[in-house]
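Below is one structure; the comments refer to it alone.
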Number of protein chains: 2
Amino acid sequence: MQISMKCSVAVHCLIFIYEARDKAKVTSTLLSKSTGCNPVIIRNILSSLKKAGIITVARGSGGAKLCKNPAEITLLQIYNALEPDGLKGIIGIHQCYGLKCPVAQNIHKVLLAPYCKIEDSIKNTMNSITLQSMINDFHELLKYAD
Amino acid sequence: MQISMKCSVAVHCLIFIYEARDKAKVTSTLLSKSTGCNPVIIRNILSSLKKAGIITVARGSGGAKLCKNPAEITLLQIYNALEPDGLKGIIGIHQCYGLKCPVAQNIHKVLLAPYCKIEDSIKNTMNSITLQSMINDFHELLKYAD
DNA sequence: ATGAGATGTAATAATTAATATTACAACAAA
DNA sequence: TTTGTTGTAATATTAATTATTACATCTCAT
């Protein structure tokens, strides 16, 4: 399976918000057109990012703004904002109330440590990726566009 | 979202197969009882593990056996055996044939490098975890069971 | 103050992905 | 040649994700 693409949409929105700063009011309708997602999905994502202190959203008049420097916003913060449980349990474990079988009784515990290691390595990598770096890459791409 | 739990079931099966070596014939029915999964699911998983050269499965008479030393079987091998595309694209990217919006046109490329980094870090960690180490942990748990 | 354009959120629907089931052909060995 | 098994296709079920509808609430310009 695949990690929800909400994360990708969120990054899209954040880059958009950054690029539009002082230029245009960034509404959920606008972002929904740019991302191809439903405006309610966008509003939910923005709402999560807002709760995490990454952006502010103006009620009524509308418009989203970053409330941190892009260099201080990491992919991990974004991901955690969207997923209430973070990366915990990102690899599913089957439920086996496995009767007498000792493997069934212990498999959950056996997998715990390996899966935590994996979660931690994802965390570390996500933490090393900033919105700033992605914005930089975006600008590089713009330069060489035809 | 969460990575398919096929991986967990596969590890369960492999530990079971290892523990049962020279003791019992490990059939898909037996594994399905221990894991709580449908026997066809088990057969599909075993089939994938077989194609990857991790186990042998006796046609007709039945029974699965490891065909490598557990120390030489890594979690990455197991995962790759199960998922045809490996970890590629584990984090989904939304499709936005984004008209004129430059963010929409470039978001895919912007996310490519960060997501590859994440995939690589998962790969490295999975590669450092062997079936042997999980079997060892399993034995430790058995020691201290009531 | 009020109308236009937003957000926030609940409820529901539609879609997609994961898992389970049924069915049966092919196989191996007693 | 019967019994128990694997391999696999086809289908059904279930669960998760994404989309939609609906509407209360808010802000500001007029």
Side-chain angles (χ1 to χ4, degrees), chain A residues 1-10 12-13 17 20 24-52 54-65 67 79 81-85 89-96, chain B residues 1-10 12-13 17 20 24-52 54-65 67 79 81-85 89-96:
Chain A
M1 209 273 110
Q2 118 178 337
I3 296 174
S4 154
M5 67 192 191
K6 268 199 290 186
C7 186
S8 303
V9 176
H12 184 143
C13 291
I17 292 166
K25 186 172 70 167
V26 182
T27 66
S28 58
T29 310
L30 191 53
L31 286 171
S32 96
K33 277 176 191 151
S34 174
T35 59
C37 287
N38 188 281
V40 177
I41 299 290
I42 298 294
R43 293 209 279 271
N44 287 333
I45 289 174
L46 294 186
S47 171
S48 299
L49 294 171
K50 186 180 158 188
K51 275 176 198 145
I54 296 171
I55 61 172
T56 56
V57 182
R59 186 99 205 247
S61 56
K65 284 186 170 50
C67 55
Y79 186 86
L82 302 170
E83 305 295 339
D85 305 329
I90 197 166
I91 308 182
I93 305 183
H94 56 297
Q95 296 290 358
C96 47
Chain B
M1 200 286 100
Q2 117 179 339
I3 297 174
S4 155
M5 66 193 193
K6 266 200 290 185
C7 185
S8 304
V9 176
H12 184 143
C13 291
I17 291 166
K25 186 172 70 167
V26 182
T27 67
S28 59
T29 310
L30 189 54
L31 286 170
S32 97
K33 278 176 188 150
S34 174
T35 59
C37 287
N38 189 281
V40 177
I41 300 290
I42 299 293
R43 292 209 279 271
N44 286 334
I45 290 174
L46 294 187
S47 170
S48 298
L49 294 171
K50 185 180 158 188
K51 274 175 198 145
I54 296 171
I55 61 172
T56 56
V57 181
R59 185 102 206 244
S61 56
K65 285 185 170 50
C67 55
Y79 186 87
L82 302 170
E83 306 294 338
D85 305 328
I90 196 166
I91 307 181
I93 304 182
H94 55 297
Q95 296 290 358
C96 46

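Note that the structure is a prediction, hence the values are computed from the model and not measured. Just so it is clear: chains get the letters A, B, ... in the order the sequence lines come, proteins before strands, and each one is counted from 1.
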* To the nearest Å, give me how far apart CD1 (A:I41) and P (C:dT15) are. => 14 Å
* Can you tell me the distance, in whole Å, between the CD atom of B:E83 and the P atom of C:dA18? => 8 Å
* Asked: Looking at B:A52 and B:A81, what are the two nearest heavy atoms and their distance?
  -> CB-CB, 3.5 Å
* **5′-ward residue of the pair B:V57/A:N44 relative to DNA chain D** => B:V57
* In terms of side-chain heavy atoms of A:V40, which of D:dG7, C:dA10, C:dT22 is nearest? -> C:dA10
* **Atom-pair distance (CG on B:D85; P on C:dA17), nearest Å** => 13 Å
* Asked: Does OP1 or OP2 of D:dG4 have a side-chain N or O of B:K25 closer than 4.0 Å?
  -> no
* To do: Mind listing the closest non-hydrogen atom pair of A:M5 and B:G92 along with its distance?
  => CB-O, 3.2 Å
* Structure fact -> Heavy-atom nearest pair, A:S34 first then A:H12, reads OG-NE2, 2.7 Å
* Asked: If each of B:P39 and A:S28 is mapped to the nucleotide of DNA chain C with the nearest heavy atom, which maps nearer the 5' terminus, i.e. the 5' end?
  -> A:S28
* To do: For B:K33 and D:dT5, give me the distance from atom NZ to atom C1', rounded to whole Å.
  => 13 Å
* To do: Could you check how far CD1 of A:I93 sits from P of C:dA18, rounded to whole Å?
  => 18 Å
* Asked: Quick one: are B:L31 and B:L46 in side-chain contact, heavy atoms under 4.5 Å?
  -> yes
* Asked: C:dT9, D:dA19, D:dT6: which one has an atom nearest the side-chain heavy atoms of B:T27?
  -> D:dT6
* Asked: Separation of B:K6 atom NZ from C:dA17 atom P, in whole Å?
  -> 14 Å
* Interatomic distance, A:N38 CG vs C:dA13 P [rounded to whole Å] -> 16 Å
I'd like a table of atom pairs between the protein and nucleotides 24-26 of chain D - only N or O on both sides, under 3.5 Å - with the distance next to each one.
residue: D:dT25; atom: O2; partner: A:R59; partner atom: NH2; Å: 3.1

* Asked: Under the side chain to side chain contact (heavy atoms under 4.5 Å, CB included) test, which residues partner A:S48, sequence neighbours left out?
  -> A:L82
* To do: Using atom CE of A:M5 as one end and atom C1' of D:dA16 as the other, report the distance to the nearest whole Å.
  => 13 Å
* Structure fact -> Of all heavy-atom pairs linking B:A64 and B:I17, the shortest is O-CG2, 3.5 Å
* **Heavy-atom closest contact (B:K25 atom, B:G63 atom, distance)** => CG-CA, 3.7 Å
* Closer than 4.0 Å, any side-chain N/O of A:S47 to the OP1 or OP2 of C:dT9? -> yes
